[in-house]
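Note that the structure is a prediction, hence the values are computed from the model and not measured.
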Amino acid sequence: MLGLGDLSFLAQLKPVSAAEARLDDGGVEMRPEIEPLVRLLERTDSARVLEEVGERIRRGLSYREILAALLLAGVRNIQPRPVGFKFHAVLAVNSAHLASLSGPPSDRWLPIFWGIDNFKRSQARDVAEGDWTMARVDQARVPPVHKAKAAFVEAMENWDVMAADAACAGFSRIAGAQEIFDVFCRLGARDLRDIGHKAIYVSNAWRALHCIGWRHAEPVLRSLAYALLAHSGGNPAKGDAREDRPWRRNVGLATTFRPDWLSGKSDPAATTEMLSAFRSADEDQACDLAVSLLNRGVAPQSIWDAVFAAAGELLMRRPGIISLHAVTSANALRFAFQTTGDDNSRRMLLLQNVAFIPYFRGRANPKGGTLIDQLGAAPSDGDSAADLEDIFAEINRNKMRAAGRTLGYLQGGGDAKEFIDHARRLLFLKGRDSHDYKFSSAVLEDYYNVSPAIRDRCLATAVFNLRGSGQKDTDLVGRIREALKA
């Protein structure tokens, strides 16, 4: 079905540790149980790395060990500035992991092998650009345990890179995962720089660490803190850059929420009003409207529905890298909203996501195009399998028609899970770019984060950045097949 090809060779992969090695290049050293595998990924030539990893998997190396080594190799070897570009080798690790979890069991290794190949390409680019390597912590600057958290927060507020790095190491050694996340999720949302990558890195790092184990947190959090301090020009703490203004304004606006703002009622009319505002309002106007709606008794979910719909609409009206990140940053900020235990942080995360939409709209500058609530549904043929075949073939011919067919399929009783499973399988076979993984993991997850009244339309917009069945399979699948031949 869908020309997906034979992936039976993946059955040869059965979930061993690599040989011991010592780090001798002055870079940060990972925990001893994972350091040898990290070094294997770092030092094996890109033409042989898949074969070496495949051999170790056949001998018993586990999925979790490889995921940990992949994340840590990226953290040690790839500079997290700018927060994007080659650093997607790190940003997309959790996305690849989510694709593995959600895809068919027989295919679960494909996203991880893609991640390894992606790391090697990003590593080569980093070397060509200066060969950045994360240094060991300056232990003399690490604050005492009882001062570590406060020192870290102060350094981040002052945009002080050296002080933040040492304090981050101390904070990561004494704090629990939730306490750490509650601090970092605010920092990831505090400015609009890097088209949402800061918020994306926070959520993806936290989720990946929950899989590989928080014993590996220190180098990941140091990388994250360094990324969050990325900026151009003078110190943001002493300036008034546009990217910093929404947060500063929203700090005061967040205090005006009614006390029981989380207990409002779902209101489709409020979602429509918010969505309409997103098409013309600036960041301040959009945030003011969101607070007004919440204080009228509207549930936060109705605001989130408008955020996701507006992001999908922007992608449909002006496909491209900016619009794509409107979707992926909304996913990351929504995850943070659901995960933080701090009420004020929830308020700020919601408001910052509302501010992001007009900012993205201004960057993408859509001219005309179909609005999400005007998208017409093409009638279903009544044959679910045939409908899916047609939808994913149409993606390569006419994305707008594919969107209409998707909406018709979903509204006509088609199984959304079948659509999502097909989309992921095509990603495994045809995905070439980090954004293929980041976007698909976000948009397919968010189908279940949007209210039923609007989720079909949101998912229909995803075809503007999903892989179609008419595209050629990547060479990577063939390389994996060859690597696993006994």
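Distance alone, capped at 3.5 Å, is enough to place a donor-acceptor pair between the Tyr409 side chain and the Asp415 backbone. Between the Thr272 side chain and the Pro268 main chain, a donor and an acceptor come within less than 3.5 Å of each other. Without hydrogens or angle criteria, Thr406 side chain to Ala460 main chain gives no donor-acceptor distance under 3.5 Å. Side chain of Asn158 to main chain of Glu154: a donor-acceptor pair is present (N/O by atom type, distance under 3.5 Å, no hydrogens or angles). In this structure, Arg361 contributes its side chain and Pro366 its backbone to no donor-acceptor pair below 3.5 Å. Under a 3.5 Å cut-off, the side chain of Ser223 and the backbone N or O of Pro219 do not form any donor-acceptor pair. Distance alone, capped at 3.5 Å, is enough to place a donor-acceptor pair between the Ser62 side chain and the Glu65 backbone. Side chain of Asp284 to backbone of Pro246: no donor-acceptor contact under 3.5 angstrom is found. For the pair Arg64 (side chain) and Cys211 (backbone), a donor-acceptor distance under 3.5 Å is present. Between the side chain of Thr474 and the backbone N or O of Lys430, no donor-acceptor pair lies under 3.5 Å.
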>> Test side-chain contact (heavy atoms from CB on, under 4.5 Å) on Ile391 and Phe419; report intermediate values, then the result.
In response: CA-CA 9 Å; Ile391 289 168; Phe419 177 94; 3.9 Å; yes
>> One pair to check against side-chain contact (heavy atoms from CB on, under 4.5 Å): Arg467 and Ile395. What are the steps and the verdict?
In response: CA-CA 7 Å; Arg467 291 290 176 175; Ile395 287 175; over 6 Å; no
>> What verdict does the side chain to side chain donor-acceptor pair (under 3.5 Å) test give for Glu418 and Ser384, after you've listed the backbone C-alpha separation in whole Å, the side-chain angles of each residue and the deciding distance to 0.1 Å?
In response: CA-CA 9 Å; Glu418 287 187 10; Ser384 177; 3.2 Å; yes
>> Run Ile195 and Ser329 through side-chain contact (heavy atoms from CB on, under 4.5 Å) and show every step you take.
In response: CA-CA 8 Å; Ile195 55 175; Ser329 62; over 6 Å; no
>> For a salt bridge (Lys or Arg N to Asp or Glu O under 4.0 Å) check, start with the C-alpha distance between Asp288 and Arg249, then their side-chain angles and the critical distance, and finish with the verdict.
In response: CA-CA 10 Å; Asp288 287 344; Arg249 184 176 186 272; 2.9 Å; yes
> Where do Asp191 and Lys198 land on the salt bridge (Lys or Arg N to Asp or Glu O under 4.0 Å) test, with the steps shown first?
Replying inline: CA-CA 9 Å; Asp191 66 272; Lys198 293 183 179 184; 3.2 Å; yes
>> What verdict does the salt bridge (Lys or Arg N to Asp or Glu O under 4.0 Å) test give for Asp421 and Lys417, after you've listed the backbone C-alpha separation in whole Å, the side-chain angles of each residue and the deciding distance to 0.1 Å?
In response: CA-CA 6 Å; Asp421 287 346; Lys417 185 178 184 306; 2.8 Å; yes
>> Would Leu275 and Ile372 count as a side-chain contact (heavy atoms from CB on, under 4.5 Å) here? Give the steps.
In response: CA-CA 10 Å; Leu275 176 59; Ile372 192 169; 3.8 Å; yes
> Does the salt bridge (Lys or Arg N to Asp or Glu O under 4.0 Å) test come out yes or no for Asp343 and Arg347, once each step is laid out?
Replying inline: CA-CA 6 Å; Asp343 182 72; Arg347 301 180 189 208; 2.8 Å; yes
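Judged by the 6.0 Å and 45° rule, Arg190 forms a cation-pi pair with Trp159. Annotation: cation-pi geometry satisfied between Arg207 and Phe335 (NZ/CZ under 6.0 angstrom from ring centroid, within 45° of ring axis).
Between Phe356 and Tyr359, the ring planes are perpendicular. Angles over 60° get that label, and only those under 30° would be called parallel. Taking the six-membered ring where the residue is Trp, His435 and His325 present perpendicular rings, their angle passing 60° and hence far from 30°.
A distance of 10.0 Å separates CG in Asp473 from CD in Gln471, rounded to the nearest 0.5 Å. A distance of 10.5 Å separates CE of Met348 from CG of Leu350, quoted to the nearest 0.5 Å. Summarising the geometry, atom CG belonging to Asp342 is positioned 7.5 Å from atom SG belonging to Cys185; distances are rounded to the nearest 0.5 Å. Considering CG of Asn449 and CG of Asn331, their distance stands at 7.0 Å, rounded to 0.5 Å. Asn118 contributes atom CG, which lies 13.5 Å from atom CZ of Arg432 (distance to the nearest 0.5 angstrom). The CZ atom of Arg424 sits 10.5 Å away from atom CG of Leu466, with the distance rounded to the nearest 0.5 Å.
Contact record, Arg317 with Thr370: CG-O, 3.4 Å, taken as the closest heavy-atom pair. Nearest heavy atom pair, residue Ala364 against residue Leu314, reads CB-CD1, 4.1 Å. Across every non-hydrogen atom of Leu228 and Gly188, the tightest pair is CD2-CA, 3.8 Å. The minimum heavy-atom distance linking Ala225 with Phe152 is given by the pair CB-CE1, 3.9 Å. When all heavy atoms are compared, the tightest approach of Ala423 to Leu444 is CB-CD1, 4.1 Å. Looking at every heavy atom in both residues, Gly341 comes nearest to Asp182 through N-OD1, 3.1 Å.
For the 3.5 Å distance criterion, the side chains of Arg186 and Asn344 qualify, holding a donor opposite an acceptor. Side chain to side chain, Glu313 and Thr461 fail the donor-acceptor criterion of an N or O pair below 3.5 Å. Checking Asp267 against Ser302 by side-chain atom types alone, no donor-acceptor pair falls below 3.5 Å. Side-chain N/O atoms of Gln79 and Asp126 include no donor and acceptor closer than 3.5 Å.
Ionic pairing of Arg245 and Glu283 is not present here: no N-O contact between side-chain nitrogen and carboxylate oxygen is shorter than 4.0 angstrom. Using a 4.0 Å cut-off between a side-chain N of Lys or Arg and a carboxylate O of Asp or Glu, Arg31 and Glu218 do not qualify as a salt bridge. Under a 4.0 Å N-O distance rule, the pair Arg279/Asp373 qualifies as a salt bridge. A salt bridge is defined here as a Lys NZ or Arg NE, NH1 or NH2 lying under 4.0 Å from an Asp or Glu carboxylate O, and Asp244 with Arg193 meets this definition.
Other residues, nucleotides and ligands contribute more than 12 heavy atoms inside 6.0 Å of the CZ atom of Arg81. The neighbour count for Phe85 CZ, taken as heavy atoms of other residues, nucleotides or ligands under 6.0 Å away, does not exceed 12. By the neighbour-count criterion of 12 heavy atoms within 6.0 Å, atom CD of Gln411 is densely surrounded, having more than that number from other residues, nucleotides or ligands.
Taking the six-membered ring for Trp and the full ring otherwise, the centers of His97 and Tyr63 sit less than 6.0 Å from each other. For Phe184 and Trp206, the distance between ring centers is not under 6.0 angstrom. Ring pair Tyr201/Phe87: centre-to-centre distance below 6.0 Å.
A side chain to side chain donor-acceptor pair (under 3.5 Å) with Glu394 is found for one member of Arg401, Lys399, Arg405 and no other, namely Arg401.
Considering only heavy atoms from C-beta on, Arg248 comes within 4.5 Å of Asp240 through its side chain. Residues Pro111 and Phe428 have side chains in contact (heavy-atom distance under 4.5 Å, counting atoms from C-beta outward).
Applying the ring-ring contact (aromatic ring centres under 6.0 Å, His included) rule to pairs touching residues 278-319 yields Trp304-Phe337, sequence neighbours excluded.
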